[in-house]
**Student:** 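Quick one: the structure is below, and I'll ask about it shortly.
Atoms within a ligand are numbered from 1 in the order they appear, just like the ligands themselves. Side-chain atoms are counted along with the backbone in the values below, which use heavy atoms only and exclude waters and symmetry mates.
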Amino acid sequence: MGSKNKLKRFKENESFNNVIQPSREEIENGTFELKGKWASFFENDNPIILELGCGKGEYTLGLAKLDPEKNFIGVDIKGARFWRGAKTAVQEELNNVAFIRTQIELIDQIFDENEISEIWITFPDPQIKYKRTKHRLTNQKFLEKYKSILKEDGVVNLKTDSEFMHGYTLGLLHGLGLEVVYANHDVYKNEGSPKEVLEIQTFYEKQYLGKGKPITYTKFRVS
Ligand SMILES: C[S@@+](CC[C@H](N)C(=O)[O-])C[C@H]1O[C@@H](n2cnc3c(N)ncnc32)[C@H](O)[C@@H]1O
C-alpha cells in the first residue's frame, strides 16, 4: 500500500469513534483513561473479548455479528490494516466493536484485572527463530499477561496454520499444567470445531487455505 493511502486511512481512523489510539506517554504514566472503564466506553456491562494481532479485523467483526450481546476489541499496531474492520463496523452500525492501536506487550496497561472474558489470537507470526521467541504470542510471558487481564474462567483461542505454533503452545501448556479445553490440528478435516472457528476466515487464513495448508485450533485456560 502506498504511503498516501496509508495517511488517508490514518486520518480516517482519527475520525472513527470506534478507534482508540493511546499515546505511549498515557500508557507509561498510567493515565490511560479507559483502563478498568471499558464498560463505560461500550455503555453496557457485556463481556469483552479481544482479538490480538487482528489485522483487518475479520474475527472481531465476525464474532461481533454472531454475538451482539458481547463486545469485541481488535488489537493491532498497524492502523492501516484495522482501518478496514473499523470502517465496516461504522458502515454496518456494529456498536459492539472497537479497535485499539497498540502493542500487544502493553495490554496489561490498557485493560484491568478481570476486565476481559476471552482472547482470540488469529494467525500470528509463529516467530520460529530462537531469537524471536520473545515475540511469540503464546510464550510464557504473554500467557502471564493474558492471565492478568482475563476473568477467572476466561479462555484463550488460538487459530493458526503453523504446526510449529500449535505444537509449541500445546507443549508449553502441558508443561505449565494449564488446561487445554479443545484442540484440533485440522479443523476442516476433523469434525468438532465450533462454528465460530469454521465460519470466520481471515485474510491470512484464506491465503493459507489456498495453499492447501491445514488450519489448527486450540482453546485453553491460563489459570
Ligand atoms: C500475520 S498477521 C495476521 C493478521 C490477521 N489476524 C489475519 O489472520 O489476517 C499478524 C498481525 O499481528 C500484528 N502484530 C504482531 N505482533 C504484534 C504486537 N506485538 N503488537 C501489536 N500487533 C502485533 C501485525 O501488525 C499483523 O497485523
**Student:** For atom 22 (N) of ligand 1, what's the nearest protein heavy atom and its distance?
**Tutor:** I77 N, 3.3 Å
**Student:** What atoms of ligand 1 come within less than 4.0 Å of a heavy atom belonging to K78?
**Tutor:**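 By the 4.0 Å cutoff, the relevant atoms are 25 (O).
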**Student:** Can you confirm if the NZ or CZ of K56 lies within 45° of the ring axis of F203 and under 6.0 Å from the centre of its six-membered ring?
**Tutor:**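 Positive - K56 is close enough to the ring of F203 and near enough to its axis.
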**Student:** Stepwise, does the salt bridge (Lys or Arg N to Asp or Glu O under 4.0 Å) test hold for D76 with R81?
**Tutor:** CA-CA 8 Å; D76 207 295; R81 285 196 187 166; 5.4 Å; no
**Student:** Quick check: T202 and ligand 1, any N/O pair under 3.5 Å apart?
**Tutor:** yes
**Student:** Where's the contact between T102 and ligand 1, heavy-atom distance under 4.0 Å: side chain, backbone, both or neither?
**Tutor:** backbone
**Student:** Is there a donor-acceptor contact under 3.5 Å linking the side chains of N46 and N96?
**Tutor:** no
**Student:** Are any of the N or O atoms of T122 closer than 3.5 Å to those of ligand 1?
**Tutor:** yes
**Student:** Which option wins on minimum heavy-atom distance to atom 23 (C) of ligand 1: I121, L137, I107, I104?
**Tutor:** I104
**Student:** Quick check on atom 15 (C) of ligand 1 - does any protein heavy atom sit closer than 4.0 Å to it?
**Tutor:** no
**Student:** Looking at K65 and E92, does any basic side-chain N land under 4.0 Å from a carboxylate oxygen?
**Tutor:**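 Looking at K65 and E92, the cut-off is met.
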**Student:** Between F164 and Y168, what is the ring plane arrangement, given parallel below 30°, perpendicular above 60°, and tilted in between?
**Tutor:**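 F164 and Y168: parallel rings.
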**Student:** F99 vs F82 aromatic rings, parallel, tilted or perpendicular, using cut-offs 30° and 60°?
**Tutor:**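 F99 vs F82 ring planes: parallel.
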**Student:** I need the atoms of ligand 1 closer than 4.0 Å to a non-hydrogen atom of C54, numbered in the order shown.
**Tutor:** 5 (C), 6 (N)
**Student:** Any N/O of D76 closer than 3.5 Å to an N/O of ligand 1?
**Tutor:**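 Yes, there is a polar N/O contact under 3.5 Å.
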**Student:** With no hydrogens and no angle check, just 3.5 Å: does a side-chain donor-acceptor pair link E51 and T122?
**Tutor:**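 Yes, T122 and E51 have a side-chain donor paired with an acceptor closer than 3.5 Å.
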**Student:** Measure across L178 and R221 and return the closest heavy-atom pair with its distance rounded to 0.1 Å.
**Tutor:** CB-O, 3.5 Å
**Student:** Under 4.0 Å from any heavy atom of F123, which atoms of ligand 1 are there?
**Tutor:** 1 (C), 2 (S), 3 (C), 8 (O)
**Student:** Would you say that T218 contacts Y182 through its side chain, given a criterion of any heavy-atom pair below 4.5 Å between the two side chains?
**Tutor:** no
**Student:** May I ask whether E105 places a heavy atom under 4.0 Å from ligand 1?
**Tutor:** yes
**Student:** Could an N or O of ligand 1 be found under 3.5 Å from any N or O of P124, whether backbone or side chain?
**Tutor:**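 N/O-N/O distance below 3.5 Å does not exist for this pair.
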**Student:** Less than 3.5 Å between some nitrogen or oxygen of Q103 and one of ligand 1, yes or no?
**Tutor:**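 In fact, backbone or side chain, Q103 has no N or O that close.
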**Student:** Is it true that R24 and Q109 share a donor-acceptor pair across their side chains at a distance under 3.5 Å?
**Tutor:**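 Side-chain D/A pair, Q109 to R24: absent.
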**Student:** Please report whether ligand 1 has a polar contact with Y204, defined as an N or O pair separated by less than 3.5 Å (distance criterion only).
**Tutor:** yes
**Student:** Backbone or side chain, does any N or O of G53 fall under 3.5 Å from an N or O of ligand 1?
**Tutor:**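 N/O-N/O distance under 3.5 Å: yes.
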**Student:** Would you check whether R81 has a nitrogen or oxygen atom less than 3.5 angstrom from a nitrogen or oxygen atom of ligand 1?
**Tutor:**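 Yes, at least one N or O pair falls under 3.5 Å.
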